[in-house]
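Down below is the structure, laid out as structure tokens.
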Amino acid sequence: MIIAVDGPTASGKGTLARKLAEHYGLPYLDTGLLYRAVGRQVFLDGGDPDDGGDALAATTFPDAMLSDETLRSEETGGLASRVSVHPPVRQALFERQRQFADQPGGAILDGRDIGTIIAPDADVKLFVTASVDARAERRWKEMRERGLEADLAAIADEIRKRDERDANRADAPLRVAEGAFVIDTTAMTREQALAAAIEAIETARKA
Ligand code: DC
């Protein structure tokens, strides 16, 4: 079974996908990490994330980069969003994601274009979202818990900017895939979101 989980930044899709992977015993790939690694590598190379050539050169980042803590920062998330608009970058990362999806027994992947481009053949597609305010507050809390300085209004602004860029790029924009179940987690706890996702998956499997 292939499960595609898409949604905007800080929607809780990563946490949800991880729990679903555990529940169904499926291997899990956070595809945002690949774009984050490219963004980080451009930075280390002294390149320009808005330049397609510089961004493409950074897709050869070393695998060890994927476990680098700095990939989780807001700054790297912003760089990832910028490098991800270039079609050759998306193309360079395609095969790796497709192979992951094609494992015998299936897999679960989360990102922006899993249900639309990477695995349009997924057995179940989920689109996880929440209001900007709810997402900003969650990100703010998470940063505070990690002992980082955080400004709620600045985080909300950054989230709006990222939504705008991810949804309006020409290649593989963030959108709800056909046949996807939309889970709006604005007023849900993590447990409720997980229950809603499992219910959607079970409904899709029976169909
Ligand atoms: O999910 P995330 O916040 O880690 O993703 C960081 C950026 O990477 C996101 O703003 C856009 C890009 N991305 C993408 O274009 N396609 C994906 N499948 C995953 C992430």
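Both counts, for ligands and for their atoms, begin at 1 and track the order of listing. Not measured: the values here are computed from a predicted model.
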Is any NZ, NE, NH1 or NH2 atom of the basic residue among E74 and R139 found under 4.0 Å from an Asp or Glu carboxylate oxygen of the other? yes
Every residue of the protein that comes under 4.0 Å of ligand 1, judged on heavy atoms: T9, K13, T31, G32, Y35, R36, A80, S81, S84, R90, G111, R112, D113, R162, D166, R169
Is there a donor-acceptor contact under 3.5 Å linking the side chains of R96 and T59? no
Determine, stepwise, if the pair R162 / T9 fulfils side-chain hydrogen bond (donor to acceptor under 3.5 Å, both in side chains). CA-CA 7 Å; R162 276 235 255 150; T9 191; 3.2 Å; yes
Taking Q192 for the side chain and T189 for the main chain, is one N or O donor matched with an acceptor at less than 3.5 Å? yes
Is there any salt bridge (charged side-chain N to carboxylate O under 4.0 Å, His left out) pair reaching into residues 22-41, and which pairs are they, with sequence neighbours excluded? none
Hey, are T70 and S73 close enough side-chain-wise for a donor-acceptor pair under 3.5 Å? no
